[in-house]
Student: 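What follows is a single structure, and I will ask about it in a moment.
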Amino acid sequence: MGQALWRLPPRQQHHLQEELADLAEQARNHNGRDGQRRIPQNCYGPDIYQQLRSRRGGKEHHGFIDLEMLPPELGITILSYLNATDLCLASCVWHGLGNDEYLWQGLCKSTWGHCSIYNRTLPEGFSYRRLYLQLDEGCLTFNANPQEGVGYFLCRGILVDHPKELAKFIFYTRRLNWKMLRIYLDERRDVLDELVTLHNFSNQFLPNALRDFFRHIHAPEERGEYLETLITKFSHRFCACNPGLVRQLGLSPDAVYVLCYSLILLSIDLTSPHVKNKMSKREFIRNTRRAAHNVSDDFVGHLYDNIYLIGHVAA
């Protein structure tokens, strides 16, 4: 049962083990020679240990803390790492969780940040637990067939068939397979347009904004019409979000388009193990100057430094 409930990716397991080791070390440091736990002198926040102990009537408890004894916010954070199957198993262990609608509501909204059904007057007897299972099933369906997945959400009233509502749902969830999402957005350009407008690139450096963009809308693996469309939409959105920077540097959507392509090619050149002779900063400035005449060499040099230090813009 424990293995089923804590089926986390290796990286998250390692991170969790490090946190538990830190907590254990702090607990040992707080213990005196007499074995009694001592409260640190410079502790300004609430002592969770004392709160849980008072809830148990002052009795000591060894082993893992009952999840129902934790604050609701912490309980939701822990359960958000579980999938739908493991959550059903967890509700069998902690019986109160299976019927706690506030907890299931928190899990729904923390996993799927936007659904059309959130903004409706819910009927009597509505179950967020059932909604969670439907959302999970719909995402699995989407990851197998995007059109069927969207149809699943529409026929159950979870989403409204409007480009803005569909774009918000995609923007605020990470449960959708990026390859299937790319296929869907390539077919639904109206949803893609709304999805681009949800990004706010104000006061972001161009390579960082491009990384944020490709984090939500994954770039295709090969160059083609879809990649050109993405970069074109990004260029117009970046200029709309940064009118002051556009005036100061003399940028335009066409110039940003050229710079984005240059950044993608530079990313491949600097990060690919197959490229032996890496492009130098001077070469990048010279090549970019030919395509973007109004952009200063200093700005282009900063672009090169960003890729060199941080990495690929579309990784």
Side-chain angles (χ1 to χ4, degrees), residues 113-114 139 142-143 145-147 149-150 159 162-243 245-246 249 251-272 279 284 287-288 290-292 294-295 299-300 302-304 306-307 310-315:
H114 177 85
C139 286
F142 183 96
N143 294 338
N145 187 308
Q147 294 297 341
V150 173
L159 294 177
H162 189 278
K164 183 173 291 187
E165 287 295 301
L166 297 174
K168 286 182 178 180
F169 175 78
I170 293 171
F171 187 79
Y172 291 109
T173 184
R174 299 293 180 270
R175 290 291 185 91
L176 304 179
N177 180 272
W178 65 271
K179 292 183 179 180
M180 294 298 153
L181 184 58
R182 186 178 65 193
I183 294 173
Y184 179 74
L185 293 176
D186 194 14
E187 296 174 353
R188 291 292 304 268
R189 297 298 176 91
D190 55 342
V191 178
L192 177 60
D193 290 337
E194 295 293 342
L195 187 58
V196 172
T197 60
L198 292 175
H199 289 81
N200 183 10
F201 302 123
S202 300
N203 301 319
Q204 287 193 37
F205 194 36
L206 180 59
N208 297 333
L210 196 57
R211 289 189 186 94
D212 184 46
F213 180 72
F214 284 138
R215 204 170 289 126
H216 288 90
I217 308 174
H218 289 268
E221 298 173 355
E222 298 178 355
R223 280 187 261 177
E225 187 270 336
Y226 181 61
L227 178 60
E228 294 176 0
T229 300
L230 290 182
I231 298 178
T232 300
K233 294 181 182 299
F234 168 82
S235 302
H236 284 85
R237 182 59 181 169
F238 182 84
C239 291
C241 293
N242 297 279
L245 183 66
V246 169
L249 299 178
L251 295 177
S252 66
D254 291 338
V256 173
Y257 179 92
V258 172
L259 292 176
C260 289
Y261 250 116
S262 300
L263 289 173
I264 293 174
L265 296 177
L266 177 64
S267 299
I268 297 173
D269 185 276
L270 294 183
T271 60
S272 175
M279 186 183 301
F284 179 71
N287 295 337
T288 306
R290 297 172 183 172
N294 297 329
V295 182
F299 181 74
V300 177
H302 291 316
L303 296 179
Y304 181 94
N306 183 279
I307 303 301
I310 298 179
H312 207 301
V313 292

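Computed over heavy atoms, backbone and side chain alike; hydrogens, waters and symmetry mates excluded.
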Student: Hey, does I217 have a side-chain heavy atom less than 4.5 Å from the side chain of V196?
Tutor: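 Contact flag for V196/I217 side chains = yes.
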Student: Could you grab the distance from atom CD1 of I183 to atom CZ of F142, nearest 0.5 Å is fine?
Tutor: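 Spacing of CD1 (I183) from CZ (F142) equals 9.0 Å.
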Student: Could you tell me how the ring of F238 sits relative to the ring of F201: parallel (under 30°), tilted (30 to 60°) or perpendicular (over 60°)?
Tutor: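 Answer is tilted, since the angle falls between 30° and 60°.
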Student: With rounding to the nearest 0.5 Å, note down the distance linking CG in L176 to CD1 in I170.
Tutor: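 Result: 6.5 Å between the selected atoms.
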Student: For the side chain of T173 and the backbone of F169, is there at least one donor-acceptor N/O pair under 3.5 Å apart?
Tutor: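 A pair under 3.5 Å: no.
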Student: Grab the two heavy atoms, one from C260 and one from S235, that are nearest each other, plus how far apart they are.
Tutor: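 What the structure gives for the nearest pair is SG-OG, 4.4 Å.
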Student: From F171 CZ over to T197 OG1, what is the distance, rounded to the nearest 0.5 angstrom?
Tutor: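 So the gap between those two atoms works out to 9.5 Å.
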Student: Side-chain contact, heavy-atom cut-off 4.5 Å: L265 with M279?
Tutor: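 Side-chain contact under 4.5 Å: no.
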Student: I'd like to know if the side chain of S202 pairs up with that of N200 as donor and acceptor (distance under 3.5 Å, no hydrogens or angles considered).
Tutor: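 Present: a donor and an acceptor within the cut-off.
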Student: Do V246 and V256 have side chains that get closer than 4.5 Å, going by heavy atoms?
Tutor: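 No, every pair of side-chain atoms sits at 4.5 Å or beyond.
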Student: Shortest non-hydrogen contact from P220 to R182?
Tutor: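 Heavy atoms only, the tightest pair is CA-NH1, 3.2 Å.
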Student: For the residue pair F299 and V295, what are the closest heavy atoms and their distance?
Tutor: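 Residues F299 and V295, closest heavy atoms: CD2-CG1, 3.5 Å.
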Student: What's the separation between atom CG in L251 and atom CG in N242, rounded to the nearest 0.5 Å?
Tutor: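 The CG atom of N242 is 9.0 Å from CG of L251, to the nearest 0.5 Å.
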Student: For R175 and N143, which heavy atoms make the closest approach, and how far apart are they?
Tutor: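 Result for this residue pair: O-ND2, 3.2 Å.
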Student: As an exercise, state the distance from NE2 of H199 to CZ of R237, rounded to the nearest 0.5 Å.
Tutor: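 With rounding to 0.5 Å, NE2 (H199) is 9.5 Å from CZ (R237).
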Student: Can you tell me how the ring of F213 sits relative to the ring of F234, calling it parallel under 30°, perpendicular over 60° and tilted otherwise?
Tutor: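 Ring orientation of F213 relative to F234: tilted.
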Student: Under a 3.5 Å threshold, yes or no: a donor from one side chain and an acceptor from the other, between E228 and T232?
Tutor: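 T232 and E228 do not have a side-chain donor-acceptor pair below 3.5 Å.
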Student: Locate the shortest heavy-atom distance separating D190 from P163; write the atom from each residue and the value.
Tutor: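 In terms of heavy atoms, the two residues are closest at OD2-CG, 3.4 Å.
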Student: Describe, in one word, how the ring planes of Y304 and F284 are oriented to each other, choosing from parallel (under 30°), tilted (30 to 60°) and perpendicular (over 60°).
Tutor: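 Y304 and F284: tilted rings.
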Student: Assess the residue pair K168 and E194 against the criterion (side chain to side chain contact (heavy atoms under 4.5 Å, CB included)); give the C-alpha distance rounded to whole Å, side-chain angles, the decisive distance to 0.1 Å, and a yes or no.
Tutor: CA-CA 8 Å; K168 286 182 178 180; E194 295 293 342; over 6 Å; no
Student: With a 4.5 Å cut-off on side-chain heavy atoms, are K179 and H218 touching?
Tutor: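 Answer no - side chains too far apart.
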Student: Should I307 and L263 be marked as a side chain to side chain contact (heavy atoms under 4.5 Å, CB included) after you check the CA-CA gap, both sets of side-chain angles, and the distance that decides it?
Tutor: CA-CA 8 Å; I307 303 301; L263 289 173; 3.8 Å; yes
Student: Shortest non-hydrogen contact from P207 to N306?
Tutor: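 For P207 and N306, the tightest heavy-atom pair comes out as CB-OD1, 3.2 Å.
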Student: For the CG atom of L192 and the CG atom of D186, what is their distance to the nearest 0.5 Å?
Tutor: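 The distance works out to 8.5 Å.
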Student: Walk me through whether R188 and V150 qualify under side chain to side chain contact (heavy atoms under 4.5 Å, CB included).
Tutor: CA-CA 12 Å; R188 291 292 304 268; V150 173; 5.7 Å; no
Student: If we only count heavy atoms from C-beta on, is the N145 to M180 side-chain gap below 4.5 Å?
Tutor: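 A side-chain contact under 4.5 Å is absent here.
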Student: How about T229 and R189: do any of their side-chain heavy atoms sit closer than 4.5 Å?
Tutor: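 A side-chain contact under 4.5 Å exists here.
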